[in-house]
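Reviewing the structure listed below.
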Amino acid sequence: MLKAGYIITLLSGIGIFNSCTANFFNMQDYEKQYAYMQKQETVYGNYLAGRIAHIRQDYDNAAYYYVKSLEKGMVNKDLLGKTYIILASQGQIDKAVKYAQIARKNGDDNTFIDVIDAVNNFKHGKYKEARDKMVKIEEKTYQNLISPLFSAWSYVGEGNYNQAVAELNRLSETEDLKTVYYLHKGLIAEYFKKNEEAQKSYDVVINDRSGDISFRALQIITNFLIRSQNKSKAESLVAKYYGSSNIKEMLSSLSKKIKESDSSIPLLVDSANKGIGEVFLEIALLFKTIPAGYDYAQMYMAISEYFNPDNDITKIAMADIFEERQMYKDANKYYDSVSKKSEMFYPAQIKKANNLSEEKQYDAAVKVLKKLLRDNPKNFQVLFNLGDVLRINNQQSDAIKYYNEAINSIFYESEKYWPVYYALAVSYDKNKEWLKAQESLEKALKLSNRHPQVLNYLGYSWLKYDINIDKAASMILEAYEKEPNDGVIIDSLGWVYFKTGDYKNAIVYLEKASELNPQNAVISDHLGDAYWLGGRKNEAIFQWKRALKQEEDNEDLNLKSVRNKIENGLDQSNILTLKDEQLYQNLQELENITN
């Protein structure tokens with residue numbers, strides 16, 4: 001709902017994490033040191049345990065040990081800053097306030113101390129004190145955005161509709177805040193049972209053409225429409241976005257909820273606390289779209305959750321932040337807290353399965369997905385994800401089964417479905433069913449409008465089998481022109497030169513591929529081959545030995561062949577000839593550009 005450019009402008013100068021982001025000292029073997037420090041009951045032992053937990057992004061234990069250090073008498077500005085920031089980011093605002101106030105007495109002038117104070121006062125009904133704290137913050141993010149919304153909802157808490165609207169009107173002149181202004185104006189009008197005013201505001205949000213309506217706004221507005229005995233309009237509103245949306249399952253769940261509901265359903269935002277929770281959630285979601293904004297996003301989401309722990313969108317968004325930090329167990333705790341009755345249940349479970357797969361808990365991931373499949377056996381996304389998990393776990397026959405079921409569930413062919421054909425081709429290839437793999441790749445090529453990854457896979461495979469050489473080289477060259485910095489594609493181009501006997505250029509491209517993908521076993525093997533036939537035999541042996549130690553793509557490596565090359569070297573391979581003169585010329589021109 002908020003415009004990214006506007007918030008980026010506001011973001012400059014905002015001060016939240018300056019007490020928390022001091023560089024950590026470099027430590028070796030975190031786990032052993034952490035286990036040791038946890039046993040120490042000294043002040044310094046607790047502090048170091050907190051520091052190590054902080055480095056490990058184990059924020060619960062970091063907060064626990066920092067607090068223990070403070071309780072045992074270690075009081076300094078740096079420790080206090082870390083403590084109240086981490087407590088706040090965990091949603092423990094009541095605890096954070098205590099240490100933030102001590103930090104202020106110790107000279108910490110971080111703006112976020114005022115934010116924590118204001119938030120805590122608001123939660124406990126001290127609305128005037130909350131306003132006073134927030135209003136005095138001079139940074140423009142607060143002055144131009146947060147403070148007007150915060151003050152408006154504080155007046156809602158005091159039952160003062162007119163003053164709430166007056167505060168909100170401070171946003172009305174900023175075009176980038178138009179939908180935010182009208183959404184909250186509608187929410188406040190709803191709360192005070194001014195339904196005509198609410199309807200006018202929500203209509204502006206619905207008819208805004210500057211961007212897609214958020215799912216949260218859809219939940220809020222359809223809730224209002226149902227209670228206003230206008231269920232048909234609520235259904236039409238959801239249907240309007242269903243056809244082109246990538247959140248069809250959520251919209252489908254929302255549509256089902258609308259059909260099953262009547263005008264007696266409760267107001268969605270029925271308190272000032274829930275209203276201000278919406279404010280902090282919306283700001284958090286915007287910060288989350290900015291590369292430098294993740295810490296801010298987590299902080300604001302924690303505050304939103306503090307005000308409304310039942311908002312499932314907050315849970316999903318918080319989990320997503322943990323995913324980005326590869327903290328999959330923490331993310332899954334949030335996903336598990338989403339009710340089965342929630343519109344967010346389906347995406348939460350899908351994401352949980354993905355996280356389990358990332359942690360190589362493939363059986364657990366399959367179990368989650370199969371449970372979803374029992375409720376909806378023709379669901380494309382669940383079938384596709386099941387295929388992916390099984391393929392990654394090298395259960396290719398089962399993967400093929402679910403990919404084909406996913407394809408059979410498609411009502412019409414579209415370019416957005418090319419990845420399932422590509423994934424099916426990979427499984428067929430790994431299952432030694434090349435003709436079927438080729439058929440699926442050609443389908444993916446057509447649907448994807450000749451995507452570089454598909455071009456590369458099919459072209460490289462033909463080279464591998466010494467068939468369709470001209471076509472293969474042409475496809476790889478096309479893939480390279482589309483993605484000139486992709487290490488795997490560059491490897492394939494190097495392999496074209498290698499297979500046609502141009503070892504000098506093969507080395508140039510394979511070295512570049514190795515620089516881009518230094519852990520790839522197949523690329524190291526290829527580079528070793530090129531070095532050997534290019535007369536650089538010591539370097540060739542080094543690359544082959546390196547390939548045996550690398551994990552990336554090592555399942556595609558012929559270990560026996562590599563060990564034999566290390567012992568006996570490489571015989572001259574059959575040199576393939578390109579029959580297409582124009583293709584040969586294109587490769588020569590590429591050589592000239594490179595040189």
Side-chain angles (χ1 to χ4, degrees), residues 380 383-480 482-483 486 488-489 491-496 498-500 520-523 525-526 529 552-562 573-580 583:
F380 170 81
L383 291 164
F384 187 11
N385 284 33
L386 258 172
D388 278 349
V389 173
L390 292 162
R391 173 178 55 80
I392 292 167
N393 197 29
N394 204 29
Q395 295 175 257
Q396 303 306 338
S397 294
D398 288 335
I400 289 166
K401 170 191 168 186
Y402 285 108
Y403 285 139
N404 276 313
E405 286 186 24
I407 290 168
N408 291 335
S409 75
I410 298 170
F411 293 108
Y412 62 94
E413 287 187 345
S414 163
E415 63 181 22
K416 67 182 177 182
Y417 293 122
W418 74 262
V420 71
Y421 287 98
Y422 180 78
L424 175 61
V426 174
S427 280
Y428 273 136
D429 189 24
K430 290 180 181 295
N431 211 43
K432 311 300 183 188
E433 298 179 77
W434 168 245
L435 292 179
K436 290 181 179 180
Q438 179 176 257
E439 183 182 351
S440 291
L441 283 168
E442 288 172 340
K443 186 77 171 181
L445 193 66
K446 178 182 176 183
L447 288 176
S448 70
N449 193 25
R450 302 179 72 81
H451 191 282
Q453 296 299 332
V454 186
L455 285 164
N456 181 66
Y457 197 109
L458 183 53
Y460 175 77
S461 297
W462 279 340
L463 275 185
K464 183 170 66 174
Y465 294 117
D466 288 348
I467 57 175
N468 299 332
I469 304 305
D470 282 36
K471 268 189 174 183
S474 178
M475 282 182 169
I476 290 167
L477 185 57
E478 183 182 345
Y480 176 73
K482 290 181 175 181
E483 291 287 348
D486 185 297
V488 173
I489 292 173
D491 169 70
S492 297
L493 182 59
W495 206 237
V496 169
F498 178 86
K499 295 285 274 185
T500 55
N520 190 291
V522 172
I523 293 175
D525 182 39
H526 285 171
D529 289 1
E552 186 179 325
D553 282 353
N554 63 359
E555 71 276 8
D556 294 326
L557 202 65
N558 185 329
L559 299 178
K560 184 178 179 181
S561 171
V562 175
S573 60
N574 285 335
I575 295 176
L576 304 176
T577 302
L578 296 175
K579 297 176 183 177
D580 186 331
L583 174 61

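Every value quoted in this text rests on a predicted model; they were computed, and no experiment measured them.
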Looking only at the aromatic ring of each residue, does the gap between the centers of [Y] and [X] stay below 6.0 angstrom?
X      : Y      : result
Phe384 : Tyr402 : no
Trp434 : Tyr428 : no
Phe498 : Trp495 : yes

Neighbour count above 12 (heavy atom, 6.0 Å) for [X] [atom1]:
X      : atom1 : value
Glu415 : CD    : no
Asn574 : CG    : no
Gln453 : CD    : yes

Can you spot which of Phe411, Phe380, Tyr422 makes a ring-ring contact (aromatic ring centres under 6.0 Å, His included) with Tyr417?
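Result for ring-ring contact (aromatic ring centres under 6.0 Å, His included) with Tyr417: Phe380.
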
Ion pair [X]/[Y], N-O distance below 4.0 Å:
X      : Y      : result
Lys446 : Glu442 : no
Asp398 : Lys401 : no
Asp556 : Lys430 : yes

Is there a donor-acceptor contact under 3.5 Å from the side chain of [X] to the main chain of [Y]?
X      : Y      : result
Tyr403 : Asp388 : yes
Thr500 : Val496 : yes
Asn468 : Lys471 : no
Asn520 : Val522 : yes
Asp486 : Val488 : yes
Asn456 : Pro452 : no
Lys482 : Arg450 : yes

Could you walk me through whether Ile469 and Trp462 pass the side chain to side chain contact (heavy atoms under 4.5 Å, CB included) check?
CA-CA 7 Å; Ile469 304 305; Trp462 279 340; over 6 Å; no

Go through the steps to decide whether Lys436 and Asp429 satisfy the test salt bridge (charged side-chain N to carboxylate O under 4.0 Å, His left out), and finish with yes or no.
CA-CA 8 Å; Lys436 290 181 179 180; Asp429 189 24; over 6 Å; no

Smallest separation among heavy atoms of [X] and [Y], with atom names:
X      : Y      : result
Ala473 : Leu578 : CB-CD2, 4.0 Å
Gly387 : Ala399 : O-CB, 3.4 Å
Ala406 : Ser409 : O-OG, 2.6 Å

Mind checking the [atom1]-[atom2] spacing from [X] to [Y]? Nearest 0.5 Å is all I need.
X      : Y      : atom1 : atom2 : result
Leu576 : Ile467 : CG    : CD1   : 11.5 Å
Ile400 : Ser440 : CD1   : OG    : 9.0 Å
Tyr457 : Ile489 : OH    : CD1   : 14.0 Å
Trp418 : Asn449 : CH2   : CG    : 11.5 Å
Tyr480 : Leu455 : OH    : CG    : 15.5 Å
Ile523 : His526 : CD1   : NE2   : 8.5 Å

How far apart are the C-alpha atoms of Met475 and Tyr460, what are their side-chain angles, what is the distance that settles it, and do they pass the side chain to side chain contact (heavy atoms under 4.5 Å, CB included) test?
CA-CA 9 Å; Met475 282 182 169; Tyr460 175 77; over 6 Å; no

With the side chain counted from C-beta on, respond yes when [X] and [Y] share a heavy-atom pair under 4.5 Å apart, and no when they do not.
X      : Y      : result
Asn558 : Val562 : no
Lys499 : Ile575 : no
Ser397 : Asn431 : yes
Leu445 : Tyr421 : no

Could you tell me if Asn394 and Gln396 have a donor-acceptor pair between their side chains, going purely by distance under 3.5 Å?
yes

